[in-house]
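Report on one structure; see the data block that follows.
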Amino acid sequence: MTSKKQLKARIRARMAKTGESYTTARRHLIGRPERAADGGWRFTGGRNPSSAAIAAVLANQGLDVSEPLVFLAGGGIGAGYILWEFQHDDSRVVVLGFRNQWQYHDRWMAKTLGRLGVPYDEHRTSGTRAASDRLAAELDAGRPCVVLPDRYHVGYWHLPASLDGRGGHPVVAYRRDGDAVVLDDRGRAPISVPRERFDAARARVGSYRNVLHVLGESKPDEATLAAAALDGLRDCAAHLSAASDSFSLPAWRKWARLLTDTRNAKAWPKVFADGRGLADALLSIWEGAEPVGMDGGNLRDLFADALDEAAALLDKPALAELAGRFREIHGLWHDLAEAALPADVPELGRIRELTAAVKESVMADGSAGDHEAALAARELWAARAAANEAVTADRGPLFAALGTRISAVYEAERDAITRLSALVT
């Protein structure tokens with residue numbers, strides 16, 4: 001027991017320091033983790049919730065389709081920036097979109113599964129009972145389902161009530177256990193959620209209320225996978241070459257400008273003139289960009305792995321060279337996250353450790369780690385509330401420094417996408 005606790009502490013410390021996911025941090029410390037099983041279900045881990053969910057279902061159908069390839073079939077990386085201001089609690093949250101069509105779950109699922117040649121049924125209803133009965137019927141028939149519950153209501157992230165209805169990410173529901181639904185959320189152990197709570201979580205967010213995807217049996221051959229990779233690469237290049245400053249690469253340029261603009265109503269010097277919500281905003285940058293957060297981070301490393309696979313599938317060695325550039329860009333995002341939430345500020349360093357502790361408990365232990373996750377989460381959200389009062393950074397130099405880093409990311413990604421376009425068009 002002592003050895004296990006010491007290992008988990010080391011994993012947690014590495015996650016907080018490097019921003020790595022639980023799986024990556026553990027692999028660096030003790031080697032690649034074995035894929036644990038729950039009855040007939042095999043856990044495969046993963047980074048991005050959407051691509052990991054599909055990869056997990058395919059793996060449990062006996063198909064060897066990697067998460068990077070699934071991610072690429074869906075169009076790879078994306079770009080998006082929104083600053084939300086919540087008046088009821090003075091919080092400010094930065095939402096960063098790092099996956100292609102990150103704001104459209106259904107559209108992304110449809111094109112990804114279509115390119116991979118995976119048949120599927122999509123079901124949604126406004127009725128909670130009908131949705132619950134449909135899920136139960138699919139699980140009882142041995143068909144795992146990709147669903148999209150609200151994180152607050154699903155419970156195991158132990159979020160405060162202020163985050164009720166703020167959304168969630170895809171998970172796989174793969175069996176029932178009495179009055180509970182058992183989930184795979186990129187971890188190594190099952191997560192059991194009471195059915196009533198899970199029904200409420202699925203019904204909470206109106207834009208994707210009760211959505212459910214059931215993947216059919218398929219056996220995509222190498223030609224299908226190669227075509228999916230090429231379509232995904234072309235999709236990525238076209239999507240990130242668009243002019244949109246909300247959902248394409250110009251979003252980064254716009255964000256950089258807003259950090260020092262003094263006229264725009266959403267400019268940071270205006271929004272944070274009184275300092276309220278600054279810690280929340282900085283924390284959300286770190287959580288969004290780093291894999292230690294709930295969404296999987298900036299995903300440029302996942303895209304690099306996908307480019308390596310595509311290089312072999314398509315016999316295009318230049319894609320492997322471009323993969324190296326995206327790993328460098330992943331490092332630029334890490335540096336930006338470090339600048340936003342430096343570990344050497346005591347209040348912020350502790351929050352980083354606690355964030356890692358919550359995710360590590362969920363990923364490593366599932367429901368078995370619920371008590372540990374709850375304790376860490378309680379301290380985490382108390383520390384976050386205190387940080388909003390204590391963090392008094394000199395905003396002008398901080399915003400300027402962040403703007404410089406974001407501008408560098410924009411230039412690097414624009415150049416890399418230009419290179420990608422030349423390779424696939």
Side-chain angles (χ1 to χ4, degrees), residues 48-54 56-57 74-75 78 80 82 84-89 91 93 95 97 99-114 118-186 190-216 246-247 294-295:
N48 173 250
S50 299
S51 53
I54 292 176
V57 175
I82 300 173
W84 289 108
E85 299 177 62
F86 298 95
Q87 300 303 323
H88 69 282
D89 61 359
S91 63
V93 176
V95 176
R99 191 208 71 202
N100 180 284
Q101 288 196 311
W102 55 273
Q103 73 276 35
Y104 296 122
H105 170 71
D106 293 358
R107 296 182 195 178
W108 185 89
M109 288 288 290
K111 72 178 178 181
T112 303
L113 295 172
V118 177
Y120 68 94
D121 290 326
E122 179 183 335
H123 180 263
R124 75 164 70 221
T125 176
S126 59
T128 301
R129 173 50 58 189
S132 181
D133 289 346
R134 176 61 181 264
L135 176 63
E138 297 291 354
L139 298 181
D140 289 347
R143 293 187 289 266
C145 303
V146 179
V147 293
L148 193 54
D150 178 69
R151 285 196 194 108
Y152 168 73
H153 281 276
V154 83
Y156 56 86
W157 292 105
H158 302 283
L159 302 178
S162 60
L163 298 187
D164 180 358
R166 296 275 186 94
H169 58 251
V171 300
V172 180
Y174 64 91
R175 68 175 174 88
R176 290 205 294 161
D177 183 12
D179 290 330
V181 178
V182 185
L183 310 178
D184 178 354
D185 188 355
R186 298 162 292 156
I191 299 171
S192 181
V193 180
R195 179 173 175 176
E196 184 176 351
R197 181 196 295 172
F198 196 62
D199 291 344
R202 292 184 61 210
R204 177 63 180 87
V205 181
S207 59
Y208 48 77
R209 179 182 290 119
N210 296 324
V211 65
L212 174 152
H213 286 84
V214 186
L215 278 58
S246 294
F247 305 115
M294 290 180 285
D295 284 326

Shortest non-hydrogen contact from [X] to [Y]?
| X | Y | answer |
| --- | --- | --- |
| Gly165 | Val205 | O-CG2, 4.0 Å |
| Gly216 | Val118 | O-CG1, 3.9 Å |
| Lys111 | Gly74 | CE-O, 3.1 Å |
| Pro144 | Leu139 | CA-CD2, 4.2 Å |
| Pro170 | Val146 | CB-CG1, 4.0 Å |
| Asp199 | Ser132 | OD2-OG, 2.9 Å |

**Request:** Check side chain to side chain contact (heavy atoms under 4.5 Å, CB included) between Ala130 and all other residues, then give those that pass, not counting sequence neighbours.
**Result:**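 Once residues adjacent in sequence are excluded, the partners of Ala130 under the side chain to side chain contact (heavy atoms under 4.5 Å, CB included) criterion are Thr125.
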**Message:** Tyr152: which residues meet the side chain to side chain contact (heavy atoms under 4.5 Å, CB included) condition with it, sequence neighbours left out?
**Reply:**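 Partners of Tyr152 under the side chain to side chain contact (heavy atoms under 4.5 Å, CB included) test: Asp150, Leu159, Ala161, Asp164.
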**Request:** Assess the side chains of Asp177 and Ser192: does a donor N or O sit below 3.5 Å from an acceptor N or O?
**Result:**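 Looking only at side-chain atoms, Ser192 and Asp177 do not form any donor-acceptor pair under 3.5 Å.
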**Request:** Answer yes when Asp185 and Arg151 have at least one side-chain N-carboxylate O distance shorter than 4.0 Å, and no when they do not.
**Result:**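 Arg151 and Asp185: not salt-bridged.
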**Message:** I'd like to know if Asp133 pairs up with Arg195 as an ion pair, taking the criterion as any Lys NZ or Arg NE/NH1/NH2 lying under 4.0 Å from an Asp or Glu carboxylate oxygen.
**Reply:**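 Answer for the salt bridge query: yes.
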Report yes if some heavy atom in the side chain of [X] is under 4.5 Å from a heavy atom in the side chain of [Y]; otherwise report no.
| X | Y | value |
| --- | --- | --- |
| Asn210 | Arg202 | yes |
| Trp102 | Asp295 | no |
| Arg143 | Asp121 | no |
| Leu183 | Phe198 | yes |
| Ser50 | Met109 | no |
| Ser51 | Trp108 | yes |

**Message:** If we ignore hydrogens and angles and just use 3.5 Å, is the side chain of Arg107 paired with the main-chain N or O of Gln101 as donor and acceptor?
**Reply:**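 Not confirmed, Arg107 side chain does not pair with Gln101 backbone.
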**Prompt:** Do any N or O atoms from the side chain of Trp84 and from the backbone of Val95 form a donor-acceptor pair under 3.5 angstrom?
**Reply:**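 Side chain of Trp84 to backbone of Val95, a donor-acceptor pair under 3.5 Å: no, none is there.
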**Item:** Parallel, tilted or perpendicular: ring planes of Tyr120 versus His213, cut at 30 and 60 degrees
**Value:**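 The arrangement is tilted - the two ring planes meet at 30° to 60°.
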Spacing of [atom1] belonging to [X] relative to [atom2] belonging to [Y], to within rounding of 0.5 Å:
| X | Y | atom1 | atom2 | result |
| --- | --- | --- | --- | --- |
| Ile54 | Leu113 | CD1 | CG | 4.5 Å |
| Leu215 | Glu122 | CG | CD | 11.5 Å |
| Tyr156 | Ile191 | OH | CD1 | 4.5 Å |
| Glu196 | Thr128 | CD | OG1 | 10.5 Å |
| Trp157 | His169 | CH2 | NE2 | 5.5 Å |

**Message:** Using the salt bridge (Lys or Arg N to Asp or Glu O under 4.0 Å) criterion, which residues pair with Asp106? Sequence neighbours excluded.
**Reply:**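 For Asp106, the residues satisfying salt bridge (Lys or Arg N to Asp or Glu O under 4.0 Å) (neighbours in sequence not counted) are Arg124.
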**Request:** For Asp140, enumerate each residue passing the salt bridge (Lys or Arg N to Asp or Glu O under 4.0 Å) test, keeping only those at least two apart in sequence or located in another chain.
**Result:**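 With neighbours one apart ignored, the set is Arg176.
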**Request:** Using side-chain hydrogen bond (donor to acceptor under 3.5 Å, both in side chains) as the criterion, list what pairs up with Arg209, not counting sequence neighbours.
**Result:**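 Partners of Arg209 under the side-chain hydrogen bond (donor to acceptor under 3.5 Å, both in side chains) test: none.
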**Request:** Go through the structure and list residues passing side-chain hydrogen bond (donor to acceptor under 3.5 Å, both in side chains) with Ser91, not counting sequence neighbours.
**Result:**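 Partners of Ser91 by the side-chain hydrogen bond (donor to acceptor under 3.5 Å, both in side chains) criterion, ordered by chain and then number, come out as Asp89.
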**Request:** Answer yes or no: does atom CD of Glu85 have more than 12 heavy-atom neighbours from other residues, nucleotides or ligands under 6.0 Å?
**Result:**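 Count over threshold, so yes.
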**Item:** From Leu135, Val211, Val214, Leu212, residue fulfilling side-chain contact (heavy atoms from CB on, under 4.5 Å) relative to His123
**Value:**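 For His123, the side-chain contact (heavy atoms from CB on, under 4.5 Å) test succeeds with only one of Leu135, Val211, Val214, Leu212, which is Leu212.
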